[in-house]
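Because the structure is a prediction, the values reported are computed rather than measured. Here is the naming used below: chain letters follow the sequence lines, and residue numbers restart at 1 for every chain.
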Amino acid sequence: MLEKEIILKEETKKEIASTIEWSKYAAYISIFGIAIGLLQIIVGLIKGNASIFASLISFLISSAISLVMSINLLNYSKLMDSGLNNHSSSDLSQALHHLKTYFTIMGVLFIIAISLVFLGLIISIIAFAIS
Amino acid sequence: MENNTSILQPVELNSVGAEQIQSSGKWAKFIGIIFVALAILTTLLFVSIITNIDKLKEMITEKIGMSDLSYSQIESFGLIALAILYIVFITVFVLNAFFLIRFRNGSENYFLTGNEDELANSFNNLGKYFKISVALGILSTIGTLIAVVITFFTS
């Protein structure tokens, strides 16, 4: 852990400003994607899609995760912007905390996905061995 | 006026913020390594499909009851589609991995050497990663929108 405070140079601030802009766009696109997904569910309901219940459950889980990740990205964008404009190191720290949360959620999701794949593989091998 | 103040006043990153960057970097590198593994798995899958194309042909023609002529007609189209899909997936996985790992390496080098160019470079790579995320998000949303329209007007 660093003991002294770091004074950011203009070049670094410029690069951070770019991440502020693009992380905001990424969050908006993700939220718009959730809205489109909801539209897909509604169309499925209207058309009497047989697997609509499974689609709904899958949509609710994925939307909740996407929403939490998007909120973290938006908070990163907002607090980083405020930190740079108001010279607030507290805002910068909070912004980076949201960035860390965003990556942590993504990392944990990957770990869960890999675990499920391995579990499926083990079950398949056992099932194959029994049969 | 505000811009002049912005130039004159320094923006400071405290030790808590520095630790958050390091922690983000560790997760980013982990995700990057997973993307590399996915790229390798995708390549293995693609190679195994290409090398077993004759067995695949037998399976499709026998199990689905498709004639050799019909199979030949769709074979080239199928292979081109498969190659395009492979290139898209590999590009996405490799670029994501590249930028995420460079984000981590840049921040780590900065905390080791104190060279602020490394920190700027680190955020530059993070920005590029977000740009790819935006591009993928747009493509995915367009795809879903097309699926919604097709479902609405056909089924």
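Between Phe103(A) and Tyr129(B), the ring planes are tilted. Angles from 30° to 60° get that label.
No part of Leu109(A) comes within reach of chain B, as not one of its non-hydrogen atoms sits under 4.5 angstrom from that chain. Heavy atoms of Leu126(B) lying under 4.5 Å from chain A belong to its backbone as well as its side chain. Ile20(A) does not touch chain B: none of its heavy atoms, backbone or side chain, sits under 4.5 Å away. Of the atoms belonging to Tyr28(A), not a single heavy atom falls under 4.5 Å from chain B. At a 4.5 Å heavy-atom cutoff, the contact between Tyr25(A) and chain B is made by backbone and side-chain atoms alike.
By the 4.5 Å heavy-atom criterion applied to side chains, Leu119(B) and Glu15(A) are not counted as neighbours.
Heavy-atom minimum distance, Ser24(B) versus Leu99(A): OG-C, 3.9 Å. The heavy-atom pair separating Leu96(A) from Gly17(B) by the smallest distance is CD1-O, 3.4 Å. In terms of heavy atoms, Gln20(B) sits closest to Ser93(A) at CG-O, 4.0 Å.
Shown here is Phe89(B), whose CZ atom has no more than 12 heavy atoms of other residues, nucleotides or ligands within 6.0 Å. More than 12 heavy atoms of other residues, nucleotides or ligands sit less than 6.0 Å from atom CZ of Phe46(B).
Taking chain B as the reference chain and counting heavy-atom pairs below 4.5 Å, the highest number among Gly33(A), Ser30(A), Ser23(A), Ser18(A) is found for Ser23(A). Interface check for chain B: of the options Thr104(A), Ile16(A), Ile111(A), the most heavy-atom pairs under 4.5 Å are formed by Thr104(A). Each of Leu100(B), Ile31(B), Val148(B) has some count of heavy-atom pairs under 4.5 Å with chain A, and the biggest count is that of Ile31(B). When the candidates Gln94(A), Met106(A), Lys9(A), Glu21(A) are compared by the number of heavy-atom contacts under 4.5 Å with chain B, Lys9(A) comes out ahead.
Rounding to the nearest 0.5 angstrom, the gap separating the CD1 atom in Ile21(B) from the NZ atom in Lys100(A) is 12.5 Å. Distance OG1/Thr19(A) to NZ/Lys131(B): 10.5 Å, rounded to 0.5 Å. Between the CD1 atom of Ile36(A) and the CG atom of Leu145(B) there is a distance of 4.5 Å, given to the nearest 0.5 Å. Going from atom CZ of Phe153(B) over to atom NZ of Lys47(A) covers 8.5 Å, rounded to the nearest 0.5 Å. Summarising the geometry, atom OG1 belonging to Thr12(A) is positioned 7.5 Å from atom CG belonging to Asp117(B); distances are rounded to the nearest 0.5 Å. Between Trp27(B) atom CH2 and Ile105(A) atom CD1 the span is 10.5 Å, to the nearest 0.5 Å.
Using a 4.5 Å cut-off between side-chain heavy atoms of Ile, Leu, Val, Met, Phe, Trp and Tyr, with links allowed through other members, Leu45(B) and Val36(B) fall into different hydrophobic clusters. No continuous path of ILVMFWY side-chain contacts below 4.5 Å connects Leu74(A) to Phe32(A), so the two sit in separate hydrophobic clusters. The hydrophobic clustering, which links ILVMFWY residues whose side-chain heavy atoms are closer than 4.5 Å, places Phe53(A) and Ile46(A) apart. There is no path of hydrophobic side-chain contacts, each under 4.5 Å, that joins Val94(B) to Ile101(B). A single hydrophobic cluster is seen to contain both Val68(A) and Ile61(A), as judged by linkage of ILVMFWY side chains at heavy-atom distances under 4.5 Å, directly or through other members.
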Under the side-chain contact (heavy atoms from CB on, under 4.5 Å) rule, what do Thr144(B) and Leu39(A) come out as? Steps first, then yes or no, please. CA-CA 10 Å; Thr144(B) 314; Leu39(A) 187 69; over 6 Å; no
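In this view, Ser122(B) and Phe103(B), Ser107(B) satisfy the side-chain contact (heavy atoms from CB on, under 4.5 Å) rule, not counting sequence neighbours.
Using non-hydrogen atoms only and a strict 4.5 Å limit, the part of residues 135-143 of chain B facing chain A consists of Gly137(B), Ile138(B), Thr141(B).
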